[in-house]
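Reading through the C-alpha cells given below for one structure.
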Amino acid sequence: MDGSGEVKYTATSRPKILIVDDEDELRNLLVKRFRKEGLEPIDAKDGKGAIELFRLTTPDVVISDVIMPEIDGITLLDEMKKI
C-alpha cells in the first residue's frame with residue numbers, strides 16, 4: 001500500500017484471484033478472462049482444493065460457488081477465516 005491506502009501492484013506482483021467452482025466450463029472461462037485482464041487467476045474444483053490453495057498462495061480475492069459437493073461455499077468461507 002502507498003500512503004493513500006491504495007494497494008499498488010508491480011509488473012511482477014499481479015493480484016491473485018482464487019476461483020472455486022465445481023463446474024469446469026465456468027471456472028475455465030473465469031480463469032481465461034482474468035488472465036486476459038492481466039491478473040493471476042488460480043482455481044480449484046472443490047472446497048478442499050481451495051483451502052489448500054488459499055494456504056499456499058494467499059490470494060487477494062476469492063470468488064466461489066456456493067453450492068458445491070462436500071464443502072459448500074459458506075463452509076469454505078468459514079474455514080478460510082480460520083487460516
All salt bridge (charged side-chain N to carboxylate O under 4.0 Å, His left out) counterparts of Arg33, not counting sequence neighbours: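 Arg33 satisfies salt bridge (charged side-chain N to carboxylate O under 4.0 Å, His left out) with Glu37 only.
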
Counterpart residues, salt bridge (charged side-chain N to carboxylate O under 4.0 Å, His left out), relative to Glu79 (two or more places apart):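 Testing Glu79 for salt bridge (charged side-chain N to carboxylate O under 4.0 Å, His left out), a comparison that skips the adjacent residues, returns Lys82.
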
Sole residue of Val31, Asp21, Ile19 in side chain to side chain contact (heavy atoms under 4.5 Å, CB included) with Leu26: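 Among the candidates, only Asp21 passes.
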
Pair Asp60 + Lys16, salt bridge at N-O below 4.0 Å: no

Within-4.5 Å side-chain heavy-atom neighbours: [X] and [Y]:
X	Y	value
Glu25	Leu29	no
Val61	Ile63	yes
Val20	Asp46	no

Short side-chain to backbone donor-acceptor contact, Arg14 and Glu40, under 3.5 Å: no

Under the side-chain hydrogen bond (donor to acceptor under 3.5 Å, both in side chains) rule, collect the residues that match up with [X], sequence neighbours excluded.
X	result
Lys48	Glu70
Asp22	none
Thr75	Asp72
Asp65	none

Connected via hydrophobic side-chain network under 4.5 Å: [X] and [Y]:
X	Y	answer
Ile42	Leu30	no
Ile83	Val62	yes
Leu39	Leu18	no
Ile17	Phe54	no

Value rounded to 0.5 Å, distance of CE in Met80 from CZ in Arg55: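 Going from the CE atom of Met80 to the CZ atom of Arg55 covers 10.0 Å.
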
Exercise: identify the closest heavy-atom pair between Gly49 and Ala44: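 In this case the closest contact between Gly49 and Ala44 is C-CB, 3.8 Å.
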
